[in-house]
K.L.:
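Here it is: the structure, laid out below.
As a basis for the values below, the full set of heavy atoms in this structure was taken, side chains included, without hydrogen atoms, waters or symmetry mates.
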Amino acid sequence: MYKTLIASASFGALAACAPATTPDETAIEQTAPAAKAAFGEFGLDLETVAQDTAPGDDFFRHVNGAWLDTFEIPADKSRYGVFTLLSDRSEAQVRAIIEDTAAAAPDPGSLEGMIANYYNAFMAESVIEDKGLAPLAPYLERIENANTREDLAALFAANGYIAPFGGWVDIDSKQTDRYIFYVTQAGLGLPDRSYYLDDNDRFAEIRGQYVDFLETMLGFAGYEDPRVAAERVMALETQMAEIHWDRAKRRDRDLTYNLTSREDFAALATDFPIETMLVELGLGDQSEFVLREKDAIAGLLNLANTADLDDWKAYLAAHFVSNRAATLPKAVDDAVFDFFGRTLRGQPEQRERWKRGVSAVEGALGEAVGKVYVERHFPPAAKTAMDDLVENLRTAYGQRIDGLEWMGDETKAQARDKLAKFVAKIGYPENFEAYDGLQVGDDAFENALASADWSWKDQLSDLGGPIDRTEWFMTPQTVNAYYAPNRNEIVFPAAILQPPFFDLAADPAINYGAIGGVIGHEMGHGFDDQGSKSDGDGVLRNWWTDEDKAAFEARTQALVDQYAEFSPVQDLFVNGRQTLGENIGDLGGLSVAYHAYQLSLNGEEAPILGGLTGDQRFFMSWAQVWRALYREEATVQQLKSGVHSPPKYRVNGVVRNMDEWYEAFGIEEGHALYIPPEDRVSIW
């Protein structure tokens with residue numbers, strides 16, 4: 001629903017660097033800031049630099065190569081990088097909050113009591129083992145007793161069950177003073193439709209292992225012949241995958257906004273009892289919906305009405321067991337991890353129970369924990385400094401819009417209006433969620449279902465009400481950031497505002513290259529190929545002249561073509577169209593951050609630190625925050641199901657389009673990353 005900086009983790013650790021070019025000898029040598037930066041002497045850890053790799057041949061490796069060559073991904077990770085480093089730190093801090101809360105023996109009905117109960121129930125492994133598979137019984141019995149399409153529709157809507165379509169409540173993108181319910185395709189067990197449909201050995205092997213996995217789940221569900229049922233579920237999901245839109249098409253906000261009346265939705269469903277499903281979902285009083293992949297939803301509704309009812313029942317049973325694995329006996333939990341962790345992500349070991357317990361609490365009561373996290377770990381000075389940085393980036397963005405040679409005055413006026421209306425949320429929400437009505441007991445299985453039910457009803461409560469402009473969609477302890485197009489807001493949780501992204505003791509070039517690039521990235525989503533379809537009030541409408549839109553699309557197509565040449569895994573390439581929004585965000589964000597950094601110098605020349613010019617430090621800082629290692633399986637999953645390019649290309653794919661990088665490092669024709677000036681892409 002929202003654009004985010006990452007869909008995965010990333011990091012680096014750190015070794016001696018000879019500057020790539022000799023700095024201007026007239027520049028002033030300056031010592032590092034008085035306060036010690038967390039990374040290196042001034043915000044860069046130079047011990048990770050690969051001196052055998054020229055910046056112009058592979059800038060990502062030049063900055064990070066010594067770390068890439070020596071670091072081993074922990075056995076409980078499928079990838080590791082800066083984001084993982086900070087997430088691990090946040091996880092440990094949240095664990096301390098949860099355990100301190102539990103040790104205080106709070107009132108079970110209080111927020112503190114709910115946090116303690118949720119965590120303690122999840123951690124009570126012996127209790128979970130003693131209960132065995134008994135918690136599944138009433139839910140599987142309901143599936144077994146489903147004998148009609150009416151029963152099936154009710155199951156699709158019931159708490160805890162999977163369905164071939166999903167949905168959520170959000171602001172109406174074309175009428176931003178109201179909430180509406182969005183309906184979308186859903187229901188696949190594998191990460192993407194391509195896992196079912198790609199005709200090669202890699203995915204054929206995964207499909208075979210998935211059938212084995214489904215067989216195991218159906219065995220736990222009590223099926224007498226789970227193999228036959230598993231093969232039929234696989235056939236059903238393959239039919240669903242054939243109906244689904246691919247991810248590149250799903251990014252198109254014009255195609256995915258289809259305002260549909262209740263009557264037309266019912267007609268689209270033909271004979272499937274859609275009314276039963278809508279009433280059971282709590283949507284009985286809604287007269288309009290937005291259908292995202294409209295013809296795919298029609299196809300899935302038809303499949304729901306025509307596929308064998310027993311196949312749907314097996315599908316529901318297998319996924320109900322799988323989705324509840326964390327609160328079921330170890331045999332179930334291990335089987336689910338073996339497939340989704342080892343097979344799909346290449347992760348050798350399951351995370352420790354306490355880590356998963358922390359994640360479970362955050363998923364259920366994240367803002368309650370986040371309130372304490374902010375009190376303990378987010379200094380007011382960081383929020384003040386971020387406010388200033390955001391405004392500096394806004395100024396720089398405005399100047400760059402004014403200077404665009406490819407955009408006319410009429411469109412520029414609209415772009416400046418949108419920029420001025422960006423709402424920046426930093427650190428934490430002004431109103432933390434109270435979780436009124438959520439009941440948490442001593443049963444981990446039922447707590448998870450109760451949390452999901454509460455969350456669903458909390459969403460539905462927005463329908464018909466006023467727009468809540470204070471709402472957040474990430475917790476303060478989340479290491480990430482996002483842009484919401486129908487709110488025109490950029491959001492930076494507290495946990496990302498720490499080194500190496502943001503360090504009050506670091507050299508300004510480091511902060512501008514890191515958190516400045518992040519701020520610019522999120523602003524850039526407002527002007528990427530999809531975010532640019534909303535105006536300053538968040539309304540989905542075309543505010544471009546035809547000439548300017550054509551010029552913009554020519555530039556974005558050039559970026560699509562560039563990224564489509566990157567191949568991180570043999571025979572697999574980055575999908576330039578699928579990742580376009582994030583690539584525009586990266587390129588525009590770093591370009592604007594560089595402009596803001598230059599403005600911050602007030603016409604003065606940046607000092608030399610560690611033998612590096614300010615411009616060199618700026619670009620190396622961007623490369624430092626994207627330092628990461630991925631297991632091959634995790635890379636494949638990102639290529640197929642993610643909207644972000646792998647970290648290497650979030651560095652190399654960006655800097656090779658910026659003239660300033662060429663000048664900073666003396667990049668010339670003959671270097672592997674060299675692009676002729678006329679072929680470099682500059683959008684914002």
Side-chain angles (χ1 to χ4, degrees), residues 87 89-128 130-131 135 159-160 169 282 324 326-328 351-380 383 425-462 465-466 468-480 491 493-495:
S87 294
R89 182 183 302 164
S90 178
E91 183 177 66
Q93 292 165 336
V94 170
R95 181 190 190 184
I97 291 169
I98 292 171
E99 292 183 347
D100 289 350
T101 301
D107 178 348
S110 67
L111 265 179
E112 294 80 5
M114 286 194 284
I115 290 171
N117 286 351
Y118 205 99
Y119 184 73
N120 289 338
F122 188 91
M123 295 299 293
E125 293 179 85
S126 61
V127 174
I128 292 171
D130 288 344
K131 290 181 179 179
N159 181 40
V169 176
R324 308 272 78 76
T327 56
L328 289 171
R351 291 194 303 155
E352 292 180 72
R353 186 75 183 180
W354 73 262
K355 295 181 178 181
R356 297 195 291 141
V358 166
S359 295
V361 172
E362 290 194 279
L365 295 152
E367 285 198 16
V369 175
K371 185 175 183 180
V372 182
Y373 175 88
V374 168
E375 292 168 356
R376 291 190 183 184
H377 301 293
F378 189 56
K383 184 172 173 57
K425 296 180 177 179
I426 297 168
Y428 52 89
E430 58 187 84
N431 300 313
F432 285 92
E433 180 60 65
Y435 299 97
D436 292 332
L438 176 60
Q439 299 294 316
V440 177
D442 59 5
D443 187 307
F445 183 91
E446 292 300 333
N447 284 347
L449 287 168
S451 173
D453 187 54
W454 180 89
S455 180
W456 179 255
K457 290 174 180 174
D458 183 59
Q459 275 198 72
L460 295 186
S461 68
D462 288 338
D468 181 3
R469 299 291 178 185
T470 70
E471 195 172 19
W472 278 51
F473 301 97
M474 286 180 181
T475 65
Q477 62 272 28
T478 300
V479 183
N480 210 331
V491 184

K.L.:
Could you tell me whether Glu91 and Arg351 make a salt bridge, using a distance below 4.0 angstrom between a side-chain N and a carboxylate O?
P.N.:
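The answer is yes: the pair qualifies as a salt bridge.
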
K.L.:
Decide yes or no for Phe445 and Leu328: does some side-chain heavy atom of the first lie under 4.5 Å from some side-chain heavy atom of the second?
P.N.:
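The answer is yes; the side chains approach within 4.5 Å.
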
K.L.:
What's the spacing between Gln93 CD and Gln477 CD if we round to 0.5 Å?
P.N.:
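That separation rounds to 10.0 Å.
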
K.L.:
Checking Lys425 side chain against Glu471 main chain: does a donor-acceptor pair fall under 3.5 Å?
P.N.:
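Yes, because the side chain of Lys425 sits within donor-acceptor range (under 3.5 Å) of the backbone of Glu471.
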
K.L.:
State whether the side chain of Lys383 and the backbone N or O of Ile426 hold a donor-acceptor pair below 3.5 Å, judged by distance alone.
P.N.:
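Yes, Lys383 side chain to Ile426 backbone: donor-acceptor pair under 3.5 Å.
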
K.L.:
Return the CG to CD distance between Asp453 and Glu446, rounded to the nearest 0.5 Å.
P.N.:
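Asp453 CG to Glu446 CD: 11.0 Å, rounded to 0.5 Å.
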
K.L.:
How close do Ser110 and Asp107 get, heavy atom to heavy atom, and via which atoms?
P.N.:
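Here Ser110 and Asp107 meet closest at OG-O, 2.6 Å.
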
K.L.:
Donor-acceptor check, side chain of Arg89 to backbone of Ala495, threshold 3.5 angstrom: yes or no?
P.N.:
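Checked: no pair found.
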
K.L.:
Could you tell me the separation between the CH2 atom of Trp354 and the CD1 atom of Ile98, rounded to the nearest 0.5 Å?
P.N.:
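It is 9.5 Å, given to the nearest 0.5 Å.
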
K.L.:
What's the separation between atom OG1 in Thr475 and atom CG in Leu365, rounded to the nearest 0.5 Å?
P.N.:
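Going from OG1 on Thr475 over to CG on Leu365, the span is 11.5 Å.
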
K.L.:
Taking Ser90 for its side chain and Ser87 for its backbone only, find out whether a donor-acceptor pair lies under 3.5 Å.
P.N.:
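Here the side-chain-to-backbone pair does not exist.
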
K.L.:
More than 12 foreign heavy atoms under 6.0 Å from CD of Gln439: is that the case here?
P.N.:
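No, because the 6.0 Å sphere around CD of Gln439 holds 12 heavy atoms or fewer from other groups.
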
K.L.:
Carefully, step by step, assess Leu111 and Tyr435 under the rule side-chain contact (heavy atoms from CB on, under 4.5 Å).
P.N.:
CA-CA 8 Å; Leu111 265 179; Tyr435 299 97; 3.7 Å; yes

K.L.:
Keeping the roles fixed (side chain from Thr327, backbone from Arg324), state whether a donor-acceptor pair exists under 3.5 Å.
P.N.:
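Side chain of Thr327 to backbone of Arg324, a donor-acceptor pair under 3.5 Å: yes, one is there.
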
K.L.:
Mind listing the closest non-hydrogen atom pair of Gly160 and Leu449 along with its distance?
P.N.:
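Heavy-atom minimum between the residues: CA-CD2, 3.8 Å.
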
K.L.:
Under 3.5 Å, sequence neighbours excluded: what are the donor-acceptor pairs made by side chains of residues 367-379?
P.N.:
residue, atom, partner, partner atom, Å
Glu367, OE1, Glu433, N, 2.8
Arg376, NH1, Asp100, OD2, 3.2
Arg376, NH2, Asp100, OD2, 3.1

K.L.:
Check Arg95 with Glu99, please: is the shortest side-chain N to carboxylate O separation under 4.0 Å?
P.N.:
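Arg95 and Glu99: salt-bridged.
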
K.L.:
Measuring from atom CG of Asn447 to atom CE of Met114, what distance do you get when rounded to the nearest 0.5 angstrom?
P.N.:
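Asn447 CG to Met114 CE: 11.0 Å, rounded to 0.5 Å.
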
K.L.:
Look only at the side chain of Asp443 and the backbone of Ala121, and say whether a donor-acceptor pair between them is shorter than 3.5 Å.
P.N.:
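It does not hold such a pair.
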
K.L.:
Determine whether a donor-acceptor pair (N or O, by modelled atom type, separation under 3.5 Å) exists between the side chain of Asn120 and the backbone of Ala116.
P.N.:
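Yes; at least one donor-acceptor contact below 3.5 Å.
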
K.L.:
Can you check whether Ile97's main-chain N or O pairs, donor with acceptor, with Thr101's side chain at less than 3.5 Å?
P.N.:
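Here the side-chain-to-backbone pair exists.
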
K.L.:
For Asp442 and Asn117: C-alpha separation, side-chain torsions, deciding distance, then whether side-chain contact (heavy atoms from CB on, under 4.5 Å) applies.
P.N.:
CA-CA 6 Å; Asp442 59 5; Asn117 286 351; over 6 Å; no

K.L.:
Under 6.0 Å from the ring centre and within 45 degrees of the ring axis: does the NZ or CZ of Arg353 meet both conditions for the six-membered ring of Phe122?
P.N.:
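Because its charged atom sits under 6.0 Å from the ring centre and within 45° of the axis, Arg353 does stack over Phe122.
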
K.L.:
Nearest 0.5 Å please: distance from the CD atom of Gln459 over to the CH2 atom of Trp454.
P.N.:
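Here the interatomic distance stands at 10.0 Å.
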
K.L.:
Under 3.5 Å, side chain of Thr470 to main-chain N/O of Asn431, donor-acceptor pair present?
P.N.:
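A pair under 3.5 Å: no.
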
K.L.:
Which atom pair, heavy atoms only, marks the closest approach of Tyr118 to Ala448?
P.N.:
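Tyr118 and Ala448 have their closest heavy atoms at OH-CA, 3.3 Å.
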
